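In what follows, a single structure is set out as structure tokens and then discussed.
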Amino acid sequence: MRGILQKVKYARLLVENETAILEIKQGICVFVGISEYDVERDVEYMVKRILGVRVFDHGDAMWKKSVTDCSNEVLIVPQVELLKDMLPNSNISTPLPMAKEKAKIMYDSLIDKLYKSYDPKKIFTGSFEGSYSISLLNDGPVTLLLESRKKS
């Protein structure tokens, strides 16, 4: 499982062909990709990292608090393209994404564990197979790569 975590001043997700907008204020926006090799252990790792990574300042001390420490909001956006890697010859290498049915179960498990580990009113999510327009204002900027499995 791979994620791109961005510390944001705000993030907005507009669902394509609908007027629905999800919006968070100060917090983190995390784009998540699920590979064919991911298991429940990967979900647990990502929940721990998403909620525990310290990217928020405490007074003059930088990067001392997590999203939960600050009671900030979280926006989770599924994105299969995160599994793609650029090769030196500009081709794209793609670990196989998990089959849609299994990936949706894994994504739902991620969201469920986030809800159980933090205030569900502060967790916002895009639907698994949705198409979106997203705008955000990166704070810092702070952008981190999260991977449940390190490459060898």
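Residues: numbered from 1 along the sequence shown. All values reported here derive from a predicted model rather than from experimental measurement.
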Nearest atoms (heavy-atom pairs only) where C70 meets K65 | SG-CB, 3.6 Å

What heavy-atom pair brings V32 and I76 nearest, and what distance separates the two atoms?
-> CG2-CG2, 3.9 Å

What's the spacing between R49 CZ and L145 CG if we round to 0.5 Å?
-> 11.0 Å

What residue pairs, at least two apart or across chains, pass salt bridge (charged side-chain N to carboxylate O under 4.0 Å, His left out) with a residue in residues 98-126?
-> E40-K113, K100-E129, K104-D108, D112-K116

So SG of C29 and CD1 of I24: to nearest 0.5 Å the spacing works out to 6.0 Å

Under the salt bridge (charged side-chain N to carboxylate O under 4.0 Å, His left out) test, which residues partner R12, sequence neighbours left out?
-> E23

Taking C-beta and beyond as the side chain, do Y107 and T125 meet within less than 4.5 Å on heavy atoms?
-> yes

List, by chain and number, the other hydrophobic cluster members for I105, where Ile, Leu, Val, Met, Phe, Trp and Tyr join if side-chain heavy atoms come within less than 4.5 Å, directly or indirectly.
-> none

Over all heavy atoms of both residues, which pair between G126 and L13 is shortest? Give the atoms and the distance, please.
-> CA-CD1, 4.4 Å

Quick one: does K7's side chain have a donor or acceptor within less than 3.5 Å of a partner on V55's backbone?
-> yes

Between S66 and Y118, does any side-chain donor sit less than 3.5 Å from a side-chain acceptor?
-> no

Checking salt bridge (charged side-chain N to carboxylate O under 4.0 Å, His left out) for the pair D42/R149: CA distance, chi angles, key distance, verdict?
-> CA-CA 8 Å; D42 297 291; R149 296 168 183 249; 2.9 Å; yes

